[in-house]
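Below is one structure, written out as structure tokens; comments come after it.
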Amino acid sequence: MSEFETSRSSGTIIKAIIVVVIIATGTIGIIYLGGFLGPGPDNNTTTTTPSTTGKTLTIMTRHDISIHAVFEPAFLASDFAIANNITDIKWKTPDGQFWDSLIQQGTIDVCWGGGPTLFDQLMRDNRLEPLTSPLMQAAAARINNTIAGATMKRNNSLDQLVWIAAAISSFGFTINHDFLDAYNLPIPYKWTDLANVTYGKELPSVPTIAMGNAPQTTSNTRIYEIIVQALSWDQGWITMARMAGNAGIYPGSVETQNAVENGDVGIAMSIDFYGYLTQYRNPDCFYIVPEGQTIVNGDPIAIPINCPQRDLAEGFVDFVLSPEGQALWLDSDIRRMPVLREAFDQPGAPEDLYLAFNQTVQTVGIYFNDTLSLETNGAFVPYWGAVFTEAHTELVDCWKTIIDAYNQSIIDDAGLEYYAGLMGEPVSVLDAKTSLLNKFTLNYARAINDDMIYDASYASTMISRWVAGAKIQYIDVRDLVLALFP
Amino acid sequence: MTEGEDSTQRTEQLSAAKDEMVPDSFKDYLTSSIRSGPSRLVSGIRRKGRSSGRWALNGGKRVGSFLKDPVPRIKDGIQKLRREMDSLSWAQLLVVIVAFSLFLILPLLSVVVYSFTDPVTGLPSFVHFANLFSDTNIWPWYFDVASNRWFSFVNLQTIIIGSDSIVIQGWDFGALFNSIYVALIVTAISIALGVFLAFIVARYDFFGKRIIRTVLIFPILATPFVGAIGIKSFLGLNGFFNNLLYDQLHLIPVQIQIQGLAAIIFVQSLSLFSLVYLNAYSSFMSIDPSLEEQAENLGATGFKLFRSVTLPLAMPGIQAGAILTFILSIEDLGTPIVFANQQQATKTLAYQVFTSIATQAGTLNPKGPAIGIILLVFALVGFLTIRKYAGVRSYESGTKGGQWNPRVRRLSKKTTFLMYVVLVPLLFLALMPQISVIILSFAGPWSTNSVLPDVWTTEHYSVLWAYPSVAQSISLTFIYGIIATIIIILLGTSAAYIIARRDFPGKTAFDLLVTSPIALPGIVIATGYFTLYYGTIIFPFDAPALLIVMSYTIRKFPFTVRAAYAGLQSTPVVLEEASQNVGASKNKTFASITMPLIGVSVLAGSLLSFVYSVSEVSTSLILGSLGRDQAPMTFWTKEVLESHSASYSGANSAACLGVLMMGLQMAVITVTNKILGARSSAMTGI
């Protein structure tokens with residue numbers, strides 16, 4: 001090409017590029033200066049007319065659009081919002097891992113929804129402002145301290161209140177009758193039923209249970225923590241190994257729920273409102289509250305540190321915890337359980353939900369030690385993922401061999417318990433810092449909890465070792481059982 | 001070059017030329033292939049090995065001599081740059097590099113820097129990469145110190161037989177090798193299907209051709225999240241096929257489940273073959289008919305004509321399609337997530353990045369980006385290999401191509417019937433995600449064992465009226481996609497032009513740079529955007545629109561670059577030289593000669609860029625969650641899918657958004673075709 005004379009002028013093409021880039025940038029500029037897009041989302045009511053002079057509240061939440069759409073117009077129409085000229089709410093819904101940075105930047109007024117595990121972690125990392133003002137104390141006083149054994153308020157290490165539950169939810173499982181009938185399987189009524197050999201009879205081609213992977217679902221994690229707390233540490237892990245052996249491990253709670261709805265499995269771990277939705281969408285499905293093993297969670301609301309509009313934030317928290325605010329949970333589009341009984345005194349409260357609320361409140365659920373959960377959660381979750389999700393092929397292989405031996409009467413009930421115990425016993429591996437051989441006991445989990453949270457390299461190495469350790473344990477137990485076959 | 005090297009090369013050329021000698025008929029070809037197969041394989045491997053070895057050696061020598069005496073080499077480089085580059089090329093190069101630096105390199109570096117740092121000393125190190133080899137799901141061979149034993153977790157069982165079902169899965173060699181073999185098989189199947197279909201549609205006239213041409217584009221219409229649920233509703237244990245063939249018609253004795261890596265290969269092949277089809281079709285159409293006529297005059301007909309003339313001339317398009325397919329297969333996260341309930345499907349690099357990147361404390365886990373880097377290297381090595389193999393010949397057709405006077409023959413009725421027997425099931429499988437999304441959007445309650453929904457309804461579409469943000473996201477997504485595509489066309493054509501027509505130092509690196517975005521896990525870039533730009537002018541609080549557009553631009557750039565590059569390869573440079581000889585400036589030549597000649601290819605690429613932009617997931621989710629007013633459709637699809645709303649939630653309402661997204665993609669393709677008329681029919685046939 002060089003033999004041709006090179007054109008030195010910038011020429012039409014460059015001009016064209018510049019013009020288009022300017023147009024493009026200009027258009028985007030207009031978009032994000034707001035002129036093109038209008039004032040904001042969900043202004044779907046006539047009650048709100050955001051003006052440039054009005055104040056905006058920024059709420060970070062794991063709640064979804066259906067809840068925003070009900071609470072936003074109601075709050076903006078409240079006396080408090082009008083008196084304080086609050087005309088808009090900005091919702092931010094990032095994944096949990098971004099919450100810390102956003103709070104640190106000082107742009108978030110209220111944190112709301114996402115389960116106690118997330119809020120306990122925020123409290124542990126000093127991201128939550130103590131709710132000490134008279135207004136907040138009065139709001140907290142309206143809420144029971146516990147419901148069905150579950151804490152509805154949390155105090156930090158200085159004994160200051162940092163979060164209050166704004167709604168409750170319970171856990172159980174959704175079953176698919178059609179699937180259970182097709183494989184001649186019984187309906188489970190307790191968590192421990194799911195560990196029965198019956199549910200493993202179609203392995204490895206058809207797992208019958210859907211479990212959520214602990215690192216990807218906080219609601220399912222709460223179920224697993226409760227099983228361990230209720231059955232004792234070692235026995236809890238052994239039971240879960242048997243459950244996981246019967247199960248397919250799904251990435252999140254939505255996938256877990258879809259699996260039972262589509263009939264890929266017969267049983268799925270469920271949060272109550274998902275369970276009822278599935279029941280509606282697939283007539284073969286049914287939500288079951290485990291007998292005497294109900295697990296209730298309070299879903300928190302809190303004010304983060306660096307909150308730019310503290311007074312307005314408190315006003316919103318107060319509104320959500322008022323009887324009027326609580327009654328919004330009963331909206332036909334949300335249908336979730338309020339934390340305040342007075343919500344049902346509002347006109348038009350649905351009776352079936354009131355019935356369910358009373359049942360839940362009167363249930364003697366399993367006692368859950370939140371402090372213990374917070375002390376071990378950082379190690380518990382990745383360990384769960386390592387030994388069950390990441391070593392699942394080998395786990396199923398081992399559990400299937402034990403079931404075969406049991407069904408062919410090569411081992412008896414005691415033998416079943418013995419080998420299942422060997423399979424599910426917490427794994428021992430070399431610690432990445434001390435190089436000592438450590439079994440994953442409760443005390444060990446407590447000791448490494450902080451390192452697992454804050455030292456990503458340490459956590460990554462430990463996970464790899466647990467995965468390998470678990471695989472080897474499963475292979476060894478399988479070989480032991482195989483040796484019993486004639 | 002020494003004399004020895006020279007003679008070796010001559011021998012190789014001769015043997016290569018011998019390979020190129022094409023037998024007269026398909027029968028002869030088959031016999032000769034079978035007879036000479038083994039020896040050709042050995043000599044092929046020897047030749048490739050030797051040439052790769054020499055290539056690596058020369059590379060090493062070049063680096064060595066550069067380090068020995070850098071000054072003259074740099075001077076040479078600068079001189080070469082001066083000679084090769086004019087103001088237009090400079091402007092093109094600079095704009096591309098600035099855009100890529102801001103929206104790819106910097107965000108990427110801000111994330112991967114941790115993967116190259118020793119956590120203890122803080123010094124640069126490869127420790128995180130070394131650690132990957134102790135992860136048994138990535139590298140399946142493990143030495144257990146405690147018991148002093150070696151373990152292999154390789155699993156070669158591909159069929160599992162249950163009481164009433166059969167599971168088909170893939171081989172498991174650990175994520176590292178799984179990703180490679182899956183991508184290779186997917187690429188091979190996609191090439192076979194894509195080239196076959198492109199050839200039939202380009203060269204034969206048959207009943208229903210117009211419909212088939214249109215339908216063949218549908219597999220690229222992507223619907224994130226709901227498409228996945230759709231695939232499962234077809235392939236699952238109680239999915240469409242098992243319910244129909246096993247439960248209802250009793251045609252098969254057992255239920256069939258495809259799982260793990262086999263499922264990934266199945267689903268990816270059936271969607272990615274469209275990429276090869278589109279690119280190959282535009283190549284077939286731009287072949288100068290006179291070349292084939294000359295070959296026929298010289299006695300070449302049938303298979304010989306196809307293998308010796310048509311296929312080689314279509315190579316640039318096939319190559320472009322193959323590169324995109326290979327990279328997209330390695331990078332694909334959506335399919336492994338769909339099948340993640342069976343562990344084997346999680347053993348791919350893309351899935352491992354996804355599960356390894358985030359930690360509880362909100363800090364980055366260096367393991368995720370480290371796997372991402374390995375994934376990138378694999379994808380780019382694949383790219384270079386395909387480019388090297390297909391790039392050694394000259395493809396210039398000599399004239400402006402054949403779309404004005406295509407060589408089309410009519411298929412007999414019998415052949416047409418036979419073709420449909422193959423085509424209809426194939427297209428049905430390929431369109432599973434799209435068909436199921438449409439069904440889901442109209443489905444009421446749906447019993448487990450029923451083939452189709454118990455009740456049909458349109459009420460799910462009310463989600464659009466219920467939430468204004470959701471409805472608004474449709475027009476926003478359209479605007480984002482269009483702006484991104486315009487920028488992509490301008491910058492992408494520039495980049496392709498520089499790569500194809502200029503010879504400057506670092507050209508291969510530049511080529512790699514502009515192709516790499518589709519090989520980078522989106523979640524890594526999205527995290528980089530957040531850590532680097534949140535709260536700055538590029539990404540103000542609540543206003544991610546600019547970053548969303550730029551993320552689309554950069555991430556979907558390679559579709560246009562590869563297509564434009566293929567177009568330039570098929571266009572003779574002498575036409576541009578002639579234009580300059582008669583007095584046109586370089587800029588005028590670029591605008592009036594080059595652009596029109598490669599227009600069809602650029603259009604093919606830019607439509608792919610648009611389609612994949614509006615269905616982009618990773619950055620849309622993270623950026624959308626921080627500025628919901630400006631969030632695109634993919635964000636709202638997930639939001640609606642996971643909503644707890646009693647009225648507007650779940651797969652059904654999300655599927656409505658999926659249907660609208662497909663409509664948007666199809667509308668843009670159709671309108672573009674209508675505006676451009678006959679020229680674009682060469683690309684899509686609509």
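Values below: every heavy atom of this structure, side chains too, minus hydrogens, waters and symmetry copies.
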Less than 4.5 Å to any heavy atom of chain B: does that hold for the side chain of [X], its backbone, both, or neither?
| X | answer |
| --- | --- |
| A:Asn282 | both |
| A:Tyr458 | neither |
| A:Ala391 | backbone |
| A:Pro283 | side chain |

Inset, instruction - Might you point out which heavy atoms bring B:Phe354 and A:Gln216 nearest each other, and give the distance in Å? - result: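 Closest pair (atom of B:Phe354, atom of A:Gln216, distance): CE2-NE2, 3.6 Å.
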Inset, instruction - Kindly compute the distance separating OG (A:Ser457) from OH (B:Tyr114), expressed to the nearest 0.5 Å. - result: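 One finds 12.0 Å between OG of A:Ser457 and OH of B:Tyr114.
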Inset, instruction - For the pair B:Lys367 (side chain) and A:Ser460 (backbone), establish whether a donor and an acceptor sit closer than 3.5 Å, ignoring hydrogens and angles. - result: no
Inset, instruction - Check for a donor-acceptor pair, side chain of B:Gln343 on one end and backbone N or O of A:Glu390 on the other, with a separation under 3.5 Å. - result: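 Yes, B:Gln343 side chain to A:Glu390 backbone: donor-acceptor pair under 3.5 Å.
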Legend entry - Option among B:Ile161, B:Asp164, B:Val167, B:Ile166 that satisfies the side chain to side chain contact (heavy atoms under 4.5 Å, CB included) test with A:Ser205: B:Val167
Legend entry - Distance-only donor-acceptor check, side chains A:Lys471 and B:Thr136, under 3.5 Å: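 The answer is yes; a qualifying pair exists.
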Inset, instruction - Verify the distance criterion only: is there a donor paired with an acceptor across the side chains of A:Glu202 and B:Ser163 at less than 3.5 Å? - result: yes
Inset, instruction - Sequence neighbours left out, what passes salt bridge (charged side-chain N to carboxylate O under 4.0 Å, His left out) with A:Asp476? Give chain and number order. - result: B:Arg149
Side chain, backbone, both or neither: which part of [X] has an atom under 4.5 Å from a heavy atom of chain A?
| X | answer |
| --- | --- |
| B:Phe133 | neither |
| B:Asp172 | neither |
| B:Tyr534 | both |
| B:Gln169 | neither |
| B:Ile622 | side chain |
| B:Ala340 | both |

Heavy atoms only, distances under 4.5 angstrom: which of [options] has the most pairs with chain B? Name it, please.
| options | answer |
| --- | --- |
| A:Thr93, A:Thr389, A:Ile67 | A:Thr93 |
| A:Thr107, A:Val396, A:Leu437, A:Thr256 | A:Thr107 |
| A:Ile475, A:Leu102, A:Leu430 | A:Leu102 |
| A:Ile249, A:Asp64, A:Thr278 | A:Asp64 |

With the side chain counted from C-beta on, respond yes when [X] and [Y] share a heavy-atom pair under 4.5 Å apart, and no when they do not.
| X | Y | result |
| --- | --- | --- |
| B:Gln255 | A:Val206 | no |
| B:Phe530 | A:Ser101 | yes |
| B:Tyr351 | A:Pro251 | yes |

Inset, instruction - Would you mind telling me which of B:Asn131, B:Asp135, B:Leu626, B:Ile160 has the largest number of heavy-atom pairs within less than 4.5 Å of chain A? - result: B:Leu626
Legend entry - Steps toward side-chain contact (heavy atoms from CB on, under 4.5 Å) verdict (A:Lys90, B:Arg628): CA-CA 8 Å; A:Lys90 287 264 180 235; B:Arg628 296 164 61 99; over 6 Å; no
Inset, instruction - Could you please spell out the steps behind the side-chain contact (heavy atoms from CB on, under 4.5 Å) verdict for A:Ile65 and B:Trp636? - result: CA-CA 9 Å; A:Ile65 186 169; B:Trp636 287 110; 3.3 Å; yes
Legend entry - Close approach to chain B in residues 258-266 of chain A, criterion heavy atom under 4.5 Å: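 A:Asn258, A:Asn262, A:Gly263, A:Asp264, listed by number.
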Inset, instruction - Check step by step if side-chain contact (heavy atoms from CB on, under 4.5 Å) holds for A:Phe98 and B:Ser625. - result: CA-CA 10 Å; A:Phe98 297 108; B:Ser625 73; 5.8 Å; no
Inset, instruction - Given side-chain contact (heavy atoms from CB on, under 4.5 Å), test A:Thr393 with B:Gln342 step by step and report yes or no. - result: CA-CA 8 Å; A:Thr393 310; B:Gln342 207 242 20; over 6 Å; no
